[in-house]
Every structure is written in structure tokens, then in C-alpha cells.
Number of protein chains: 2
Amino acid sequence: MTDRFVGSRPKMTDVARLAGVSVATVSRSLAGSPLVTGETRERIEAAVRETGYVVNHMAQRLRLQESRQILALVPDIANPFFAEVLVGVEGAAHEAGFNVLIGNTADDPRRADLHARQLLTGGVDGMLLMNGRLPDVLLGKAHDGRLVAVVEPVPGKKLPTVEIDQRAAAGAATEYLAGLGHRRIAHITGVVASTVSDLRLRGYRDALARLGLAVDEHMIAAGDYTIAGGEHAMARLLASGERPTAVFCSSDETAIGAIKAIRAGGLSTPGDISVMGFDDIQIAAAYDPPLTTIRQPKRLMGAEGFRLLADRIAGTASSVRSEPLPFELVIRASCAPPK
Amino acid sequence: MTDRFVGSRPKMTDVARLAGVSVATVSRSLAGSPLVTGETRERIEAAVRETGYVVNHMAQRLRLQESRQILALVPDIANPFFAEVLVGVEGAAHEAGFNVLIGNTADDPRRADLHARQLLTGGVDGMLLMNGRLPDVLLGKAHDGRLVAVVEPVPGKKLPTVEIDQRAAAGAATEYLAGLGHRRIAHITGVVASTVSDLRLRGYRDALARLGLAVDEHMIAAGDYTIAGGEHAMARLLASGERPTAVFCSSDETAIGAIKAIRAGGLSTPGDISVMGFDDIQIAAAYDPPLTTIRQPKRLMGAEGFRLLADRIAGTASSVRSEPLPFELVIRASCAPPK
DNA sequence: GAAAACGCTACAATCGATTACATCTTGCGT
DNA sequence: ACGCAAGATGTAATCGATTGTAGCGTTTTC
């Protein structure tokens, strides 16, 4: 670690010269090849220490034709749900020696496009799509399986997808409320025209049908996964003639908004109206009342998404579609039997 | 966009051949050099369209000796505060044509080290340190200003730092509580031995001194920025002899924990005990009661951190230390005058 | 009319690693 | 002793771009 290479970093030739061997031998030695042994290897290692040599990733990547980087395209990093998925992605990637680039699309297709271009220019080896949309620049291309969808399936494109059985989960949520004795169960949807939101709505309808309960279209209000959206939707639900005794919300944020609207209407949760969330983000347990919700295995989904992608990058792609991951009904205090 | 290059992407030589010029000319043309003009440029552009050529980033980076990537080292991406800062970083980076790698340290120095190595290997052009710690591998090195600290200053190292005036902010919070009429104001700290937590504690002490109020050491409880930490700390505060009428917490999570403990003790907020948070994360406004808190300009801090770093990477580094960014007292409902 | 100036393009070196192939040593069997 | 295989190392091509310098053809200048 002397300062003999001030300014420019030592390169492999410097190590080779010092060790009295060729760069080929240094490269092999560093790669752990069994061809380099004994005294030679020691001399090289000493020279590496002496010079403070570290490999130049740009050169290595060009030669190897792989960046060992992936890009995670996320609608909003600050959304606690996606942040948690990202932790899973980062963790799995880190273990496999991959780095993770973040692409915050902020629902702007141009930003998504600009990020997606990384895949075409070789900036990254693969991409995780978490916003349910294939960027336009990738449309006609053969991106031979360097794409994996996480959370939201990508419509119109056969992509490996990591998800839970949304329909079954929504069904379980609805049945739980019915099991508590509720008969007038409302639903606040997610963003309209999103696959996941549709599936949850369908699951809700399924369950009501199974239970022999009629579906009242006035009991279905459109939300957008946000607190404000939940608040407005709940206000509408309350204003409609006969009000529900329980509400199944398609996100925890929506549930929080709903609870606020319920309180604003002079009612209480779960006293007057039970509220069920979805996702089990961190606030869910901390909120007052703690939210009963469906937990999605967020970190696991991220990790699994990475693994699927890594398999395809390595060419060991097994199946196109992996098993749905398990969800879990988490019972806390925001739902109770009706009065 | 024909399929003539199935398998291997077209490279610059392909474009050159098709346009009937040399690669040098193609490169210059694509770079927008004024040397290439008229018909030649048009032929090249046509050839680019024809082949569907896009530059190979790996080769470009090797040649240019810059990755146009930075790494953001964060203790926890899923922490809403840091997630929000990251949004700012990503936005500014994106505008400047930089990509952002995330490094989740999870408080593990080895993970931080592994990520930091990216800087030594040329994997990234610079690094944003958000965890207040210089990774060991960077210790003896001359990383000539490719490092910027954000949020938490890095002790023992003169680094450009993006921060707010923590001491003044804590003072403002404490004075606000005093202004409401409180005399017994407690404080729950952040992680002990962290610079930021120390500064806030000092600001709290300053303010009490200014106000002529005695500092009661029993009114200072150690937290760790988490909900659970706030809960335990508040429980201790309640158990101690004379209980406070107001608590200044060093994070919003801490405040939420404190409120839970207050409720668990049969008391209410702000009725019996006012609670003040810090940071103004998204839940702060949604919680019940909505949290009065100090807002840190999170996105701005992230964006500013990136700009400082970009300046130093470009060699246009202006000052080592930028002005502290403005904080803001956000008054909501968790603080009220004492009974 | 020769020389200088200029505009455009090509050649070839370069960035720093990896690796197929060639070469040189050794050791072993017979 | 000789031949041959196996082991260790070196040589040089390669990944795909950028860019300094040289070259060439045309126009300007005196």
C-alpha cells in the first residue's frame, strides 16, 4: 500500500512487472486458477499487496460482457411497500455479487424508457419490472429473458412473474370479515385498470358469491392505494344509503384513509365499521388501531424476483412462471364483529 | 430495425460499414461533433436506424474512464426517511444522466465495505454516505473528493456534508413546546453516540437553558429512532417520579412509540402529554393524532447531496461545506398547551 | 501558379482486463 | 537416455468504444 501510484491506480501490468510474471499469470492467479501455484502465486499476492491493486471493473465488464448489475424499475421508492421489496432484491443481489440500480419512474413513461435503455446498452444484465408496464423502448426487442415482473404482472407479455394469488388473498380477507358476522362488506379498490386491483376485486366478488351474499355495486368504491384516495372513497361509501359494517381496502394506506373518514363521520373503528388493509406495511402494526391486513411477503418477493432474473441471466432459467408466493392473514385490531 | 443482427448487437463498425465511413467518423457524428456534417451525417444516422445500433456502455465507460454511476450507501432503504432522501438523489442523478446504485448496509460494516469497494474498482464515480460512517476499506485511501455525506456527518473526516442545523431545529422544537406553556419537557434521543442524536440533545439543552428551565436528567431517555425504542423510553419516563407534560422525540417513529406507551398508561395525547416528532415522514400527517414535528427537506437533501458529489466528480467542486438546509416546524395536533 | 489554409475523414493507439493458443519445463516410464 | 505428457507461463488477440495525428482534396491567397 505504498503511494507509488499516486494519481493513477495500479493496473495488472504493474503487478505483473513487480512479481516478474506476465499479466496472464496475474489474471489467472487472481481468478483462482489451479494453474498458478506455490511460489509464483505468493509473489503475485505480495505484489498485489505492495501495489494496492484492485481490479478495474470497467475493463473486466467489457471483456466479460456482463455488468453484474441489474435495474429495479419501481413506480415510487418512497412507497413503503416497494421499499421493502427493494430490500429483498438488494439482499439477494448482494449475496450473488450483483449490484442494484434503482429506477424511480414516478409514473412517467419517459423516465421508464430512459432507464430501460440501460438494458439495450449493456449497462445492466437484467431488469426487474415492478410497475406492471413494459417500457416502450423494449417493445419490439428480443430481450431474451432478461426481464422479470415483480408484484404487478405485465399485461400482454409472457414474463416470469413473482406474485401472490391476489384473488385468493382478497377472498380470504372477505371471508374473514364475513366470518366475524359482517353482511354488508364494502370494498375500496386500488388504481383502476391495474391487474392487481382487478384481481382483488374479483376475489372479493368470488367470496361474496361463495358466501351467498349479494354484490351491491354501491358497496364498491374506487381508490388509488393512497391515504387520500381511501378517505374520499370511504366518504362516498358513508354518504350512500345503507352504510357498510366492514370495508376491505386494497392497501394499508387506503385503510388508514378509510379510518380517518370514518372518524370524521363521528364513527369509530372497529366499533362501528371494521376496516381491513392489504400488504402489511410497517405502519400497519403501529397505527391506532393496529390494522388487520393481508401480508404480502415483500422481501421474499424481491429476493425471489432477483433469483428468477439471475437464473435467466446465467442461462439456467428453469420455468417461466414460478409458484405464487404465500400470503398471510394478519389479525390485529381494526376488525371486530358487528354490533 | 431489421433483424440482421440476431444474437449479437450491432456495433459501431457495423454502422460504419453500412454508411461507408470509418468508426471514427461514426463516433464523432454520434457525439455531435461539428466536424461531421451534411450528407455524411445523414448517411450515418440512416445506418444507425437501419441497424438499430445503440452504444455499448461498457466499452464507452472503459474508454472514458467514468461510469456515470454513483452509489448511495444507506443504513436501511425501507426506512421511510432514507427512502425519501433516495427519491431526491435519484431524481437529481437522473436529470444529470447518472445512475444510482443502492447499498443497503443493514448496519453491517462488512456489507458497507463490500459496497464501498465499488469506488476503488471504478464501478462507480462517487459515493453518498448516509450512515455517518466511513467504510473501513476507504480509510487510508485518497479518494480525492468522490465522497459526500448526507444527513449524518461522518466523524473524523472532512467531507462535504448535506445537513440541516440539527441543534437549532431541536431548539426550535423545544421552544415551541415551552411556548405552549410546558415546563416539564422530556426528550427521547436517537441512537446513542450518533452525531445527529447528540446535536439534537444539545439543542434541547440549549433551549432549556435559554428559557431558564432546569435540565432534569431523568427527563432524558435513550431511544433508537424506532417505534419500539420510543415505546420503551416513554414507559421509563412515565415510571419515573414526576412525569413530563411534553416529550420531544428525535424521530417520528419514536413519537409514535411514545404515544402508544402513553395510551398504554391510560393517558392521552395531546390531552395529558404532548408529543413532538422529528423528520416529518409520510405517516406523521396520517397518524392519529397527526404529528407536530420538525420537517427535514428530505428530497432536497438527497438532490443537494448528489449535486455536491457531481460537482466534485466533474472537478468543479466549489466549497467543501454547503450551507445547512432549512428545516421547518410543522404544527399538527399532537402538541397542545398543558392542562 | 505555388503555397498555405481549411474541412473532412481514416488510421491506429488506447482504456485494462481475459483467455485461446503457443512455448518452455519438468518428471516419469521404459 | 529418450520421448511424451502434464504443468506452468508467456504472447497476442479481443471486448467496443474514443481521439490525437496524419492525409487528402478543395479553396483561398499573394
Side-chain angles (χ1 to χ4, degrees), chain A residues 5 7-45 47-48 51-69 97 117-118 120-125, chain B residues 5 7-45 47-48 51-69 117-125:
Chain A
F5 298 98
S8 68
R9 284 163 38 194
K11 39 189 172 180
M12 207 173 257
T13 44
D14 297 317
V15 174
R17 195 176 329 113
L18 193 60
V21 296
S22 74
V23 286
T25 306
V26 175
S27 176
R28 278 192 281 260
S29 176
L30 261 29
S33 157
L35 285 179
V36 185
T37 50
E39 201 251 347
T40 309
R41 167 156 256 146
E42 279 165 26
R43 274 212 321 282
I44 292 173
E45 276 165 13
V48 166
T51 54
Y53 170 82
V54 280
V55 72
N56 181 317
H57 270 157
M58 296 173 189
Q60 195 175 43
R61 287 168 184 168
L62 171 60
R63 178 64 230 224
L64 261 29
Q65 297 287 25
E66 59 169 26
S67 64
R68 293 199 81 75
Q69 296 188 147
R117 214 172 291 266
Q118 287 289 316
L120 303 175
T121 58
V124 300
D125 293 339
Chain B
F5 300 98
S8 68
R9 284 163 40 194
K11 39 188 170 182
M12 207 175 256
T13 39
D14 297 317
V15 175
R17 195 178 327 115
L18 193 60
V21 296
S22 75
V23 286
T25 305
V26 175
S27 176
R28 290 201 183 89
S29 175
L30 260 30
S33 158
L35 288 179
V36 185
T37 50
E39 202 251 347
T40 309
R41 166 156 258 144
E42 280 165 25
R43 274 212 321 283
I44 291 173
E45 277 165 12
V48 166
T51 55
Y53 170 80
V54 279
V55 71
N56 182 317
H57 270 158
M58 296 176 192
Q60 197 175 43
R61 286 169 185 168
L62 172 60
R63 177 63 229 223
L64 262 29
Q65 298 286 34
E66 59 167 28
S67 64
R68 293 199 82 75
Q69 296 189 146
R117 215 173 290 266
Q118 287 289 316
L119 195 58
L120 303 176
T121 58
V124 299
D125 293 338

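Throughout, protein chains are lettered first and strands after them, A, B, ... in sequence-line order, and every chain is numbered starting at 1.
A:T25 is listed as a side-chain neighbour of A:I44, based on a closest heavy-atom distance under 4.5 Å. Side-chain contact between A:L64 and B:M58: absent, with no pair of heavy atoms (C-beta onward) separated by less than 4.5 Å.
A donor-acceptor pair is defined here as one N or O able to donate and one able to accept, closer than 3.5 Å; such a pair exists between the side chain of A:D125 and the backbone of A:S67. At least one donor-acceptor pair under 3.5 Å links the side chain of A:T121 to the backbone N or O of A:R117. A donor-acceptor pair under 3.5 Å is absent between the side-chain atoms of A:R9 and the main chain of A:Y53, judged by distance alone.
Residue A:R28 places its side chain closer to D:dG10 than to any other of D:dG10, D:dA12, C:dG16. Minimum atom distance to the side chain of A:L35 is reached by D:dA8, of the listed C:dA12, D:dA8, C:dT19. Relative to the side chain of B:A24, the nucleotides C:dA17, D:dT18, C:dA10 differ in distance, and C:dA10 lies closest. Checking D:dT19, D:dG16, C:dA17 against every side-chain atom of A:N56, the shortest atom distance belongs to C:dA17. Nearest nucleotide to the side chain of A:S22, out of D:dG10, C:dT9, D:dG16: D:dG10.
Contacts of B:T25 with the nucleic acid, taken as non-hydrogen atoms under 4.0 Å apart, involve only primed sugar atoms and P, OP1 or OP2. Residue A:G122 is classed as having no contact, given no heavy-atom separation below 4.0 Å to the nucleic acid. As judged by a 4.0 angstrom heavy-atom cut-off over every strand, B:T13 is placed among residues making no nucleic acid contact.
Atoms CD (A:E66) and C1' (C:dT19) sit 15 Å apart, rounded to a whole Å. Rounded to an integer number of Å, the gap from CD of A:E39 to P of D:dT9 is 9 Å. Look at CZ on A:R63: it is 4 Å from C1' on C:dT18, rounded to the nearest Å. Summarising the geometry, the separation between CZ on A:R61 and C1' on C:dT19 is reported as 20 Å, rounded to the nearest angstrom. Summarising the geometry, the separation between CZ on B:R17 and C1' on D:dG16 is reported as 14 Å, rounded to the nearest angstrom. Note: OH (B:Y53) to C1' (D:dT18) measures 11 Å, nearest angstrom. Counting to the nearest Å, the C1' atom of D:dA17 and the CZ atom of B:R68 are 16 Å from each other. C:dC15 atom C1' lies 4 Å from atom CG of B:L62, rounded to whole Å.
Residue A:L64 is the one, among B:S27 and A:L64, whose nearest nucleotide of DNA chain D lies closer to the 5' end (criterion: closest heavy atom). Checking B:A59 against B:G20, the closest nucleotide of DNA chain C that is more toward the 5' end is the one next to B:G20.
Put simply, A:Q60 has a side-chain N or O that comes within less than 4.0 Å of OP1 or OP2 on C:dT18. Phosphate proximity of D:dG16 to A:Q65: present, with a side-chain N or O under 4.0 Å from OP1 or OP2.
Taking the screw axis at each terminus of the helix from C:dG1-D:dC30 to C:dT30-D:dA1 from five consecutive base pairs, the angle between the two is 60° to within rounding of 10 degrees.
A donor-acceptor pair shorter than 3.5 Å cannot be found between the side chains of B:D14 and B:T51. Neither side chain, A:Q69 nor A:Q118, offers a donor N or O lying under 3.5 Å from an acceptor on the other.
Taking CG of A:L62 as the reference point, atom CZ of B:R63 lies at 12.5 Å (rounded to 0.5 Å).
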